Amino acid sequence: MSDKVKGINTVCIHSGELHDLEYGGAVSPLYMATSYDYQVKSGDLYPRYFNTPNQQALCQKISDLEHCEASLIFGSGMAAITNALMAFLHSGDHIVVQTSIYGGTYHFLTELCAHYGISHDFVDGSDQKAFSDKIKTNTKVIYIESPSNPLLEVIDLNMISALAKSRDLVSIIDNTMASPVNQNPALFGVDVVVHSATKYMGGHSDILAGTISCSKAHRDRIFSSAKMFGANLSEYTIWLLERSIKTMGLRVACHNANAQFIAEWLEAHPSIAKVHYPGLKSHASHEIAKRQMKGFSGVISFELAAGLNAEQFLEALRVIKRSLSFAGVESTALLPAATSHSIVGEQARKTMGISDHLIRLSVGIEDVEDLIRDITQAINVIK
Ligand SMILES: Cc1ncc(COP(=O)(O)O)c(C=O)c1O
């Protein structure tokens with residue numbers, strides 16, 4: 001049976017695992033070598049060529065999770081994003097990008113790409129037809145993030161992939177916020193799927209990593225520049241990431257359930273002004289999200305009612321940690337304007353719709369009653 005038809009937890013645990021033929025150990029052996037006999041049948045094994053045993057094994061697991069032919073593993077999510085983009089964009093090229101995206105990606109496109117003569121146009125993701133209007137003769141890539149960080153904007157994947165194919169463009173999606181458990185963009189025809197594996201794949205706030213999944217042909221194109229950029233992940237962290245992914249199906253199911261419960265509870269609370277979560281019927285693209293997502297993930301963003309101070313609210317939380325990043329087993333919260341999106345500047349945040357008071361809550365896998373109790377007591381402290 002192909003791993004593509006096995007259940008998600010079986011794929012998370014077994015797909016691509018290495019077998020310990022010497023001792024029969026139950027987990028993949030770790031090959032730390034950076035130097036291999038170049039005359040053995042397996043070819044020129046070298047970590048920067050993305051082909052060492054643990055890299056190949058984990059790539060198989062990630063490819064199966066994303067229903068893609070091939071994958072590459074990088075030292076961070078940003079390394080995966082920038083390597084994917086630089087493989088398809090050259091000086092003089094143009095890229096169409098959703099406005100509401102992760103601050104680091106926004107910064108890369110507006111600062112570094114401009115240095116290399118690559119131009120961009122941003123598109124309001126809530127106006128799904130606007131993507132085609134921005135395509136020019138030199139456009140090579142359409143880039144989206146769905147759901148987006150931190151506003152949980154959802155883009156119609158069928159629409160994007162059909163548009164890209166009809167105009168001979170490469171479509172790239174940052175699938176980090178969904179995780180491969182909740183969304184597989186390749187099944188909707190999107191060409192290249194990137195992840196910050198620092199988030200749901202790692203899941204314990206202790207691994208920095210990134211992945212790219214795509215066809216073999218696109219993988220070869222990305223590999224040809226990535227092997228020179230050299231942003232590889234260490235073998236030990238690759239081994240740890242494999243271990244983390246084994247529980248990803250279970251973790252994400254719990255993140256989904258807790259977040260749905262809390263989003264509905266927040267929406268009904270008189271001290272909350274606005275909740276963004278694709279699992280809510282009130283979300284502008286809830287119907288699209290239902291079509292393309294199996295679960296709505298663990299990130300919610302919301303605003304407190306007028307007069308309540310968001311920073312004081314974060315300070316008053318006792319179980320939920322005030323912390324950067326997201327998707328760990330522990331619940332965390334932050335103000336995107338002061339953290340993940342401080343780099344994009346006030347004007348861009350305004351265009352994206354990120355207010356200074358917006359709170360991003362990454363719902364962990366604690367008991368949901370404890371999280372509700374924590375939010376309740378924090379609201380009572382600041383009222
Ligand atoms: C949606 C999204 N993509 C990419 C990244 C970058 O990932 P990394 O920090 O692993 O480089 C982040 C980081 O927060 C993110 O939120």
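Ligands are counted one by one from 1 in listed order, and the atoms in each one are counted from 1 as well. Model, not experiment: these values are computed from the prediction. Starting from 1, each residue takes its place in the sequence as its number.
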Just to be sure I'm reading this right: ignoring hydrogens, which of T198, T105, L324, D174 gets closest to atom 2 (C) of ligand 1? Compare them by their nearest heavy atoms.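 Answer by nearest heavy atom: D174.
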Counting each atom of ligand 1 from 1 as listed, which ones have a heavy atom of G77 under 4.0 Å away?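 Counting atoms of ligand 1 from 1, those under 4.0 Å from G77 are 7 (O), 8 (P), 10 (O), 11 (O).
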So if I count the atoms of ligand 1 from 1 in the order they appear, which ones are less than 4.0 Å from some heavy atom of T176? 1 (C), 3 (N)
Kindly say whether the aromatic ring centers of [X] and [Y] come within a distance under 6.0 Å.
| X | Y | answer |
| --- | --- | --- |
| H218 | F88 | yes |
| F74 | F50 | yes |
| Y277 | F302 | no |

At what distance is the nearest protein heavy atom to [atom], and which residue and atom is it?
| atom | value |
| --- | --- |
| atom 11 (O) of ligand 1 | M78 N, 2.8 Å |
| atom 6 (C) of ligand 1 | Y102 CE2, 3.5 Å |
| atom 16 (O) of ligand 1 | N149 ND2, 2.9 Å |
| atom 7 (O) of ligand 1 | S196 OG, 3.0 Å |
| atom 14 (O) of ligand 1 | K199 NZ, 3.0 Å |

Identify, with sequence neighbours excluded, every residue that meets side chain to side chain donor-acceptor pair (under 3.5 Å) alongside E267.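 E267 satisfies side chain to side chain donor-acceptor pair (under 3.5 Å) with S282 once adjacent residues are dropped.
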I81 heavy atom under 4.0 Å from ligand 1: yes
Does ligand 1 have any atom that is closer than 4.0 Å to a heavy atom of H195?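 Distance cut 4.0 Å: H195 fails for ligand 1.
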Just distances here: any N/O of [X] and N/O of ligand 1 closer than 3.5 Å?
| X | value |
| --- | --- |
| E145 | no |
| F326 | no |
| M177 | no |

Where on L208 is there a heavy atom closer than 4.0 Å to ligand 1, on the side chain, on the backbone, on both, or on neither?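 For L208, only side-chain atoms sit under 4.0 Å from ligand 1.
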Quick test of your reading of the model: are R373 and D370 salt-bridged, counting only N-O distances below 4.0 Å? yes
Got a salt bridge between R318 and D374, using NZ or NE/NH1/NH2 to carboxylate O under 4.0 Å?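 Answer for the salt bridge query: no.
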Examine the side chains of E366 and S331 and answer whether a donor and an acceptor come within less than 3.5 Å of each other.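 There is such a pair between these side chains.
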Where A231 and A79 come nearest, the two heavy atoms and their spacing: CB-CB, 3.7 Å
For H94, the option from V141, I135, D121, L89 that meets side chain to side chain contact (heavy atoms under 4.5 Å, CB included): D121
